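Below is one structure, written out as structure tokens; comments come after it.
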Amino acid sequence: MSKEFVQFVAPLFGVFVALSGVVAVGQQSRNYLHRQDHYRVAFRDIDCAMPEGLTRDEFLGEVQYVASWPDDVGLLEDHLATRLQLAFAAHPWVETVRRVEVTPDRRVRVVLTFRTPFLGVPTRYKGNGSESVVNRSVDANGVLLPQSPADGSLKPALLSEVPSPPNRAGKHWDDARVQTAVRTAVFLRPYHEQLGIERYEFNGEDLVVQARQGRVVWGRAPGDERPEEASADVKLQRLLEPAAPEPERRERDVRSLTATDTRVVQSK
């Protein structure tokens, strides 16, 4: 090994050793700080809003359980904001995690947007050799929500019973009738009160709207119309047309490309 090479490498090696020592000391200091209570907060002390119907302990306990998170949060942990975002996003009531921040006074704040029940859905549940009806709800995107005491009184509601959802809460409910009802209900949402819409049901594959003016055969969801079926905008205009009061119960069919078909419905 030449003397010139040794003279060149020796200073660099000294710098490398010095930097390695600094990094090691820094890592040891960071590990030490990680273990200090001053830089740790209890998971259940996280500052965030709660879904309706859940207490702070219930909600944060569920988030912690689903994420398998320990009882406290290290404020100096690497990628803490990302980890907390993933933890809260896994809860079925959480639609989006808008922001995660650690405040100067060493508090953790998580800003959330929650899913909102939009359509009630009765399901057929089979268990213990018997069959029962269990009310569930979905949000405006067709995502199944956790069970709630308010599910049975939610309006609008889908009257047609569907099989029990195969997926857990927080997942898209992949049932054609549920999705047709949700998409149509979202389209008609601005007019629910004006039209007196409280219920939806099915006649075969066609959705039927129960409105103040009576039964209205709507058909397919907006955007899924058959070739011979009127568009959702045309159907809506027909629904909004004032109807003269009739002594008999009437059923209006707004699916036709040409005109509304009105017929008398026999009272049951």
Side-chain angles (χ1 to χ4, degrees), residues 52-53 114-124 132-145 147-163 165 173 175-268:
E52 186 175 354
F114 295 112
R115 294 188 171 102
T116 303
F118 180 71
L119 180 72
V121 182
T123 68
R124 294 189 300 274
S132 59
V133 176
V134 177
N135 291 300
R136 301 300 301 268
S137 63
V138 294
D139 70 359
N141 295 312
V143 173
L144 176 66
L145 300 179
Q147 282 188 266
S148 166
D151 289 343
S153 58
L154 186 62
K155 294 180 181 180
L158 177 63
L159 290 187
S160 303
E161 295 178 12
V162 299
W173 192 346
D175 181 279
R177 284 170 292 180
V178 172
Q179 295 304 318
T180 294
V182 169
R183 290 171 56 192
T184 305
V186 169
F187 179 78
L188 294 175
R189 173 163 44 185
Y191 310 97
H192 279 177
E193 184 174 348
Q194 178 181 351
L195 296 172
I197 298 174
E198 293 188 351
R199 301 185 302 277
Y200 294 88
E201 60 184 57
F202 276 88
N203 182 4
E205 296 183 353
D206 288 313
L207 184 68
V208 176
V209 179
Q210 291 277 11
R212 186 180 298 112
Q213 58 187 252
R215 287 169 52 89
V216 178
V217 182
W218 177 269
R220 300 292 183 90
D224 285 345
E225 294 87 357
R226 304 177 182 90
E228 70 278 6
E229 186 176 349
S231 69
D233 288 332
V234 171
K235 296 175 185 176
L236 174 59
Q237 287 303 117
R238 292 171 179 171
L239 277 180
L240 295 175
E241 293 172 357
E246 300 287 347
E248 307 95 345
R249 293 178 62 246
R250 299 276 173 164
E251 179 179 86
R252 302 177 66 199
D253 190 337
V254 296
R255 295 173 297 174
S256 172
L257 289 172
T258 56
T260 299
D261 178 26
T262 303
R263 51 186 173 270
V264 176
V265 178
Q266 297 296 326
S267 300
K268 294 182 179 180

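The shown structure was predicted, so the numbers you read here are calculated from the model rather than taken from an experiment.
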Quiz item: Roughly how far apart are L119 CG and W173 CH2, rounded to 0.5 Å?
Solution: 9.0 Å
Self-check item: Any residue meeting salt bridge (Lys or Arg N to Asp or Glu O under 4.0 Å) with E52, in chain and number order, not counting sequence neighbours
Solution: none
Self-check item: Rounded distance (nearest 0.5 Å) linking atom CG of L158 with atom CZ of R199
Solution: 11.5 Å
Exercise. Applying side chain to side chain donor-acceptor pair (under 3.5 Å), name anything that partners R220, two or more places apart in sequence or on another chain.
Key: E205
Quiz item: What distance do L154 atom CG and E198 atom CD have between them, rounded to the nearest 0.5 Å?
Solution: 11.5 Å
Quiz item: Between R212 and Q194, is there a donor-acceptor pair closer than 3.5 Å when you use the side chain of the first and the backbone of the second?
Solution: yes
Quiz item: Less than 4.5 Å apart, any side-chain heavy atom of L145 and any of F118?
Solution: no
Self-check item: Partners meeting salt bridge (Lys or Arg N to Asp or Glu O under 4.0 Å) with R136 (sequence neighbours left out)
Solution: none
Self-check item: Side-chain heavy atoms of P163 within contact of R177, under 4.5 Å
Solution: yes
Exercise. Show your reasoning for whether side-chain contact (heavy atoms from CB on, under 4.5 Å) applies to Q237 and V234.
Key: CA-CA 5 Å; Q237 287 303 117; V234 171; 5.8 Å; no
Quiz item: Given side chains that start at C-beta, do those of Q213 and L239 come closer than 4.5 Å, heavy atoms only?
Solution: yes
Quiz item: Looking at residues at least two apart in the chain, or sitting in another chain, which of them share a salt bridge (Lys or Arg N to Asp or Glu O under 4.0 Å) with R226?
Solution: D206, E229
Quiz item: Looking at residues at least two apart in the chain, or sitting in another chain, which of them share a salt bridge (Lys or Arg N to Asp or Glu O under 4.0 Å) with D224?
Solution: R183
Practice problem: Evaluate the side-chain proximity of T184 to P222: yes if any heavy-atom separation is below 4.5 Å, no if none is. | Solution: yes
Practice problem: Could you list the residues that satisfy side-chain contact (heavy atoms from CB on, under 4.5 Å) with N203, not counting sequence neighbours? | Solution: V208
Quiz item: How many angstroms lie between atom CG of D233 and atom CZ of F187, to the nearest 0.5 angstrom?
Solution: 4.5 Å
Quiz item: Would the number of heavy atoms belonging to other residues, nucleotides or ligands and lying under 6.0 Å from CD of E193 be above 12?
Solution: no
Quiz item: Which heavy atom in T123 sits nearest to a heavy atom in P165, and how many Å separate them?
Solution: CG2-CD, 4.0 Å
Self-check item: Inter-residue atom distance K235.NZ - E225.CD, 0.5 Å rounding
Solution: 5.0 Å
Exercise. Over all heavy atoms of both residues, which pair between Y200 and H192 is shortest? Give the atoms and the distance, please.
Key: OH-NE2, 3.0 Å
Quiz prompt | Heavy-atom side-chain proximity of R215 to Q210 below 4.5 angstrom | solution = yes
Quiz prompt | Closest non-hydrogen atom pair, A211 against L195 | solution = CB-O, 3.5 Å
Practice problem: Would you check if the side chain of S137 reaches a backbone N or O of D151 as a donor-acceptor pair within less than 3.5 Å? | Solution: no
Exercise. Mind listing the closest non-hydrogen atom pair of V121 and V178 along with its distance?
Key: CG1-CG2, 4.1 Å
Quiz item: Can you name the closest pair of heavy atoms from V182 and G142 and give their distance?
Solution: CG1-N, 3.9 Å
Quiz item: Is it true that a side-chain atom of R255 and a backbone atom of G219 form a donor plus acceptor pair closer than 3.5 Å?
Solution: no
Quiz prompt | Side chain N141, main chain V143, donor-acceptor under 3.5 Å | solution = no
